[in-house]
Amino acid sequence: MKLIPINWQNIQTVFLDMDGTLLDLHFDNHFWLEHMPKRYAEKHSITLDKAQKTLMANYQAHKGSLKWYCLDHWQETLDMDIVSLKHEVADRIALRKNVIEFLEYLRVLQKRVVLLTNAHNKTVDLKFGYIELEKYFDRVITAHDVGLAKEQSGFWQALQNMEDFDKKHSLFIDDNLDVLQTAEQFGIVNLLAIHQPDSQQGIINTGKYKAIECYTQIM
Ligand SMILES: [Mg+2]
């Protein structure tokens with residue numbers, strides 16, 4: 001695995017996405033694409049195939065918006081207790097390789113470390129309950145706190161009103177290419193993608209963005 005050169009002296013703030021970046025995206029994919037349809041089919045006494053189609057149509061309608069990431073929205077729309085359902089498959093919540101080592105490395109370098117996630121605050125709390133992650137961040141900011149999803153234009157401008165950072169001296173790591181593009185358009189210079197966000201699926205083509213296979217590449 002090749003080293004990815006980062007000029008750490010030039011970096012003050014490190015913004016990190018959670019799902020697919022620090023945590024294995026397998027949990028989320030499994031939850032939304034398999035577990036939810038299963039429970040939805042049971043609730044409505046329909047086939048799994050029908051449940052999947054109904055849910056997919058619902059998901060597609062809100063993809064990339066704050067609603068898509070909002071647990072309360074799905075709870076209301078689908079009339080299902082999403083948090084309880086997530087707990088049912090929580091054994092699949094897992095760290096990606098060498099994440100803790102990387103977070104400890106950032107602590108040693110005395111960088112400001114900010115979790116920047118589209119995940120709903122209830123999902124963040126749930127995951128922090130299973131994985132000891134919270135203590136590594138100076139601050140946790142969700143898209144719901146900002147009022148826009150990370151892929152939406154205006155997100156970073158809004159973030160600037162909440163968090164003091166210099167876009168030329170920030171590093172942002174995220175597995176979502178739309179999100180990286182929005183950050184790039186705003187002027188974040190140091191951007192990294194993730195090679196394989198879901199351990200159970202293939203590698204993704206990250207195009208112009210350098211992708212991390214393992215955090216040891218940037219340590
Ligand atoms: Mg992500």
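Any value given below was found using the heavy atoms of this structure, including those in side chains, with hydrogens, waters and symmetry copies removed. All of these numbers come straight from a predicted model, not from anything done at the bench. Counting from 1, the numbers follow the sequence of the chain as shown. As the structure lists them, so they are numbered: ligands from 1, and atoms in each ligand from 1.
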Looking only at side chains, do [X] and [Y] share a donor and an acceptor under 3.5 Å apart?
{"X": "D24", "Y": "S199", "answer": "yes"}
{"X": "Y209", "Y": "E184", "answer": "yes"}
{"X": "D174", "Y": "T21", "answer": "no"}

Residue set satisfying side chain to side chain donor-acceptor pair (under 3.5 Å) with E151, at least two apart, ordered chain then number -> Y69, N118
Worksheet item: Going through the distances and angles, do Y130 and H87 end up as a side chain to side chain donor-acceptor pair (under 3.5 Å)?
Response: CA-CA 10 Å; Y130 287 96; H87 280 293; 2.6 Å; yes
Ignoring waters, protein N/O/S atoms under 2.8 Å from the Mg ion (ligand 1) are D17 OD2, D19 O, D175 OD1
Which of K150, R92, K127, K86 passes salt bridge (Lys or Arg N to Asp or Glu O under 4.0 Å) with D19? It is K127
